[in-house]
Amino acid sequence: MYIKKVKFTNLKGFETLDFDFTRKNKSYAGWTVFVGGNSSGKSTLLKGIALALMGTEVGRIYIPDLTGWIRAGCLEAESSVTIIREKKDDIQLKNTPPDSVTPNIITASIIWEKEKEGEIPNFRKKKTNYSVEKGLWNPNANGWFCAGYGPMRRLSGSSSESMRFTLDQGIVSRFATLFREDASLSESESWLIRYYAQILEAKGNDKKEAEQFLDNIKRFLNDGLLPLKMKIGKITNTGNKNVFVTSQSGVEIPMRDISDGCRGIFATILDLIHHLCTVYGSKDLFKEDKGQLIINRSGVVLIDEIEAHLHPQWQFEIVDWLKKHFPLIQFLVTTHSSLIAQCADDNGIFVLPLHNEQGRQPRSLTEDESNKIRMGKAGKTLLGSAFGLKATRSSWALAQIQRWKELDSKSRNVKLSSSEKQEHKELENLLKMSFDDDDEVITE
């Protein structure tokens with residue numbers, strides 16, 4: 001499935017939000033980015049989408065206290081998503097009446113409501129078509145893959161309370177870190193280890209099929225995912241360090257001992273594979289494509305601040321890796337990184353305003369604005385319509401530039417003192433060393 005549209009009304013800080021993710025070629029898979037400052041509502045946007053995808057029954061598990069979800073001064077809020085159903089992947093239960101308009105386009109909406117200010121809101125489904133009840137929101141319907149990840153994507157360290165979310169066999173486990181900062185992705189590593197243990201006990205064709213699937217997982221993860229040519233190596237089912245990586249020099253290191261960025265990316269990708277396998281099964285999950293393995297299933301994946309703990313070089317590389325290896329997945333991500341935004345596909349950059357930007361509404365960037373970001377330098381992207389910085393240099397650097405301007409202007413009218421001449425020369429040399437050919441000092 002894919003999300004075609006998202007619409008919020010009076011949800012937390014959003015009076016209205018209406019985003020359409022349709023691309024020029026009418027596709028939805030690929031990289032879509034939401035940018036905005038702190039407190040602009042990026043995390044709320046992802047959670048609002050997730051709640052509409054999950055429905056109210058599952059949503060109450062994550063937000064038992066509905067206080068604060070309705071915009072101040074209002075009595076009702078709504079989150080609505082329009083879904084494109086992929087017939088191959090998204091199976092409705094039998095005896096589902098056809099929708100009145102288009103069977104493969106459905107809308108799922110949830111509402112927060114209260115009778116008066118000060119009350120705790122109720123949470124209910126909006127009257128909807130049967131396709132939602134018999135498909136997207138039904139735990140017995142096959143397919144309809146969606147998952148969400150918060151900025152704290154840890155491999156270990158989940159609280160005992162959050163363990164009950166990650167151990168759930170249904171959709172609840174696929175959104176644990178998005179709603180719970182104290183949740184980790186350790187269950188997917190445990191799944192991999194259990195799978196390895198089952199291989200040791202299996203026989204005949206079952207053993208061969210299980211070994212092939214495990215080999216596919218390792219081959220998939222080892223296809224350039226980790227930096228410095230690190231590879232997933234040994235897997236064991238004993239002790240508390242069960243997955244090992246092998247460095248370029250051949251040194252074997254426990255996965256849990258490498259950097260936060262590496263562990264976080266490994267945990268996220270393994271978690272995706274785990275849940276895709278749970279939803280679709282292991283058969284035909286991987287597909288050979290031009291000499292590499294890809295995931296051959298559709299779905300929606302939400303990620304909050306994908307760039308957390310990632311070096312700038314890896315920020316570029318991880319997006320290309322995800323799009324190449326999950327070509328049928330629609331990624332909806334928030335970011336503070338211009339490098340992540342530059343990797344967006346067409347109609348793939350949406351801007352959320354700050355609360356003090358009166359009159360500015362959430363919007364998609366125009367084609368020209370988007371292409372300027374996608375084609376430009378990362379530093380200049382920060383100065384554009386998506387990020388809105390006034391300068392990309394430190395206050396000290398701006399002060400040096402301003403002082404050079406003052407001395408340069410003064411030198412045109414009066415003779416500088418010897419100390420001023422020396423200062424002017426030193427600043428000019430500093431600027432020549434620091435500025436690129438296409439930098440203009442006066443614009444800063």
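Computed from heavy atoms alone, side chains included, the values below leave out hydrogens, waters and symmetry copies. Predicted model only: the values in this text are computed from it and were never measured. Note that the numbering runs from 1 along the sequence shown for the chain.
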Original post:
Do I83 and K4 pass the side chain to side chain contact (heavy atoms under 4.5 Å, CB included) test, and can you show the C-alpha distance, the side-chain angles, and the key distance before you say yes or no?
Top reply: CA-CA 6 Å; I83 302 295; K4 175 179 172 58; over 6 Å; no

Original post:
Heavy-atom distance under 4.5 Å between the side chains of L221 and I273, does that happen here?
Top reply: yes

**OP:** Return yes if some donor-acceptor pair links the side-chain N/O of Y280 with the main-chain N/O of S298 below 3.5 Å, else return no.
**Re:** yes

Original post:
Would you say the side chain of W112 lies within less than 4.5 Å of the side chain of I63, judging by non-hydrogen atoms?
Top reply: yes

Original post:
Salt bridge between E305 and K42, side-chain N to carboxylate O under 4.0 Å?
Top reply: no

Subject >> Under the side-chain contact (heavy atoms from CB on, under 4.5 Å) test, residues paired with L332 that sit two or more places apart >> reply: I3, F21, T32, F34, I49, V300, L302, Q330

**OP:** Name all residues meeting the salt bridge (charged side-chain N to carboxylate O under 4.0 Å, His left out) criterion together with R60; count only those two or more places apart in sequence or in a different chain, and write none if there are none.
**Re:** none

**OP:** Assess whether side chain to side chain contact (heavy atoms under 4.5 Å, CB included) is satisfied between K207 and I199, documenting all intermediate values.
**Re:** CA-CA 6 Å; K207 187 179 184 71; I199 291 175; 4.2 Å; yes

Subject >> Nearest non-hydrogen partners of C262 and L226, listed with the distance >> reply: O-CD2, 4.0 Å

**OP:** Please report the shortest heavy-atom distance between F14 and G41, naming the atom on each side.
**Re:** CZ-O, 3.5 Å

**OP:** Indicate the atoms forming the closest heavy-atom contact of A52 with L136, along with that distance.
**Re:** O-CD2, 4.4 Å

**OP:** Report the C-alpha separation of K234 and T246 in whole Å, then their side-chain angles, then the decisive distance to 0.1 Å, and conclude whether the side chain to side chain contact (heavy atoms under 4.5 Å, CB included) test is met.
**Re:** CA-CA 8 Å; K234 183 174 67 177; T246 303; over 6 Å; no

Original post:
Does atom CD of E115 have more than 12 heavy-atom neighbours from other groups under 6.0 Å away?
Top reply: no

Subject >> Aromatic ring proximity F213/Y195, centre distance under 6.0 Å >> reply: yes

Original post:
Side-chain donor-acceptor pair under 3.5 Å between R219 and N216, yes or no?
Top reply: no

**OP:** Verify side-chain hydrogen bond (donor to acceptor under 3.5 Å, both in side chains) between D368 and T366, making sure each step is shown before the conclusion.
**Re:** CA-CA 5 Å; D368 286 346; T366 65; 5.6 Å; no

Original post:
With side chains defined as the heavy atoms from C-beta onward, is the minimum distance between Y196 and N242 less than 4.5 Å?
Top reply: no

Original post:
If you count the non-hydrogen atoms of other residues, nucleotides and ligands that lie under 6.0 Å from NZ in K208, is the total more than 12?
Top reply: no

Subject >> Gap separating the OG1 atom of T278 from the CD1 atom of I171, nearest 0.5 angstrom >> reply: 12.5 Å

**OP:** Using the side-chain contact (heavy atoms from CB on, under 4.5 Å) rule, pick out the option among I373, V319, V33, I349 that qualifies with Q342.
**Re:** I373

Subject >> Any side-chain heavy-atom pair of I217 and F286 under 4.5 Å >> reply: yes

Subject >> Nearest-0.5 Å distance that lies between atom CZ in R124 and atom CD in E113 >> reply: 4.0 Å

Original post:
Is there a donor-acceptor pair under 3.5 Å between the side chain of K5 and the backbone N or O of F19?
Top reply: no

Subject >> Q361 side, atom CD; L17 side, atom CG - distance, nearest 0.5 Å >> reply: 9.0 Å

Original post:
Between the main-chain N or O of T22 and the side-chain N or O of N347, is there a donor-acceptor pair closer than 3.5 Å?
Top reply: yes

**OP:** Kindly check if the number of other-residue, nucleotide or ligand heavy atoms within 6.0 Å of CD1 (I120) is above 12?
**Re:** no

**OP:** Indicate whether any N or O donor in one side chain lies under 3.5 Å from an N or O acceptor in the other, for E187 and T166.
**Re:** no

**OP:** Please check if the side chain of T107 supplies one atom and the backbone of T82 the other of a donor-acceptor pair under 3.5 Å.
**Re:** no

**OP:** Taking T177 for its side chain and A183 for its backbone only, find out whether a donor-acceptor pair lies under 3.5 Å.
**Re:** no

Original post:
Salt bridge check: are E78 and K7 linked by an N-O gap of less than 4.0 Å?
Top reply: no

Original post:
What distance do T334 atom OG1 and D304 atom CG have between them, rounded to the nearest 0.5 Å?
Top reply: 3.5 Å

**OP:** Supply the atom-to-atom distance K324 NZ to D223 CG, rounded to the nearest 0.5 angstrom.
**Re:** 7.5 Å

Original post:
Does the side chain of D271 come under 3.5 Å of the side chain of Y149 through a donor N or O and an acceptor N or O?
Top reply: yes

Original post:
What residues form a salt bridge (charged side-chain N to carboxylate O under 4.0 Å, His left out) with D257, not counting sequence neighbours?
Top reply: K241

Subject >> Non-neighbouring partners of N10 that pass side-chain hydrogen bond (donor to acceptor under 3.5 Å, both in side chains), sequence neighbours left out >> reply: none

**OP:** Check side-chain hydrogen bond (donor to acceptor under 3.5 Å, both in side chains) between Q248 and all other residues, then give those that pass, not counting sequence neighbours.
**Re:** none

Original post:
Do R263 and H309 have side-chain heavy atoms sitting under 4.5 Å apart?
Top reply: no

Original post:
How long is the gap from CZ on F165 to CD1 on I61, to the nearest 0.5 Å?
Top reply: 7.5 Å

Subject >> Any side-chain donor near an acceptor of the partner, S27 and N25, under 3.5 Å >> reply: yes

Original post:
Between G143 and V279, what is the shortest heavy-atom contact and its length?
Top reply: O-CG1, 3.6 Å

**OP:** Look at atom CD of E57 and say whether more than 12 heavy atoms of other residues, nucleotides or ligands are closer to it than 6.0 Å.
**Re:** no

Subject >> Contacts of type salt bridge (charged side-chain N to carboxylate O under 4.0 Å, His left out), residue K12, not counting sequence neighbours >> reply: none

**OP:** Output yes when a side-chain donor or acceptor of S79 lies under 3.5 Å from a complementary backbone atom of G48, and no otherwise.
**Re:** yes

Original post:
Is there a donor-acceptor pair closer than 3.5 Å between any side-chain N or O of D345 and the backbone N or O of G30?
Top reply: no

Original post:
I340 versus W31: any side-chain heavy-atom pair under 4.5 Å?
Top reply: yes

Original post:
Between the main-chain N or O of L365 and the side-chain N or O of E369, is there a donor-acceptor pair closer than 3.5 Å?
Top reply: no

Subject >> 4.5 Å side-chain heavy-atom contact, M1 and C146 >> reply: yes

Original post:
So, the side chain of Y2 versus the backbone of L328: is there a donor-acceptor pair under 3.5 Å, distance only?
Top reply: yes

Original post:
Just by distance, do the side chain of R153 and the backbone of F266 share a donor-acceptor pair under 3.5 Å?
Top reply: no

Subject >> Side chain to side chain, I269 and L322, heavy atoms closer than 4.5 Å >> reply: yes

Original post:
Would a line drawn from the ring center of H325 to the ring center of F220 be shorter than 6.0 Å?
Top reply: yes

**OP:** Evaluate the side chain to side chain contact (heavy atoms under 4.5 Å, CB included) criterion for residues L225 and I318: first the C-alpha distance (whole Å), next the side-chain angles of each, then the deciding distance (0.1 Å), finally the verdict.
**Re:** CA-CA 7 Å; L225 173 63; I318 192 59; 3.8 Å; yes

Original post:
Hey, mind stepping through R297 and E86 against salt bridge (charged side-chain N to carboxylate O under 4.0 Å, His left out) and telling me if it holds?
Top reply: CA-CA 10 Å; R297 294 291 189 173; E86 287 289 292; over 6 Å; no

Subject >> Check ion pair R85-D90 (N to O, under 4.0 angstrom) >> reply: no

Original post:
Around Q292, counting heavy atoms of other residues, nucleotides and ligands shown, do more than 12 lie under 6.0 Å from its CD?
Top reply: yes

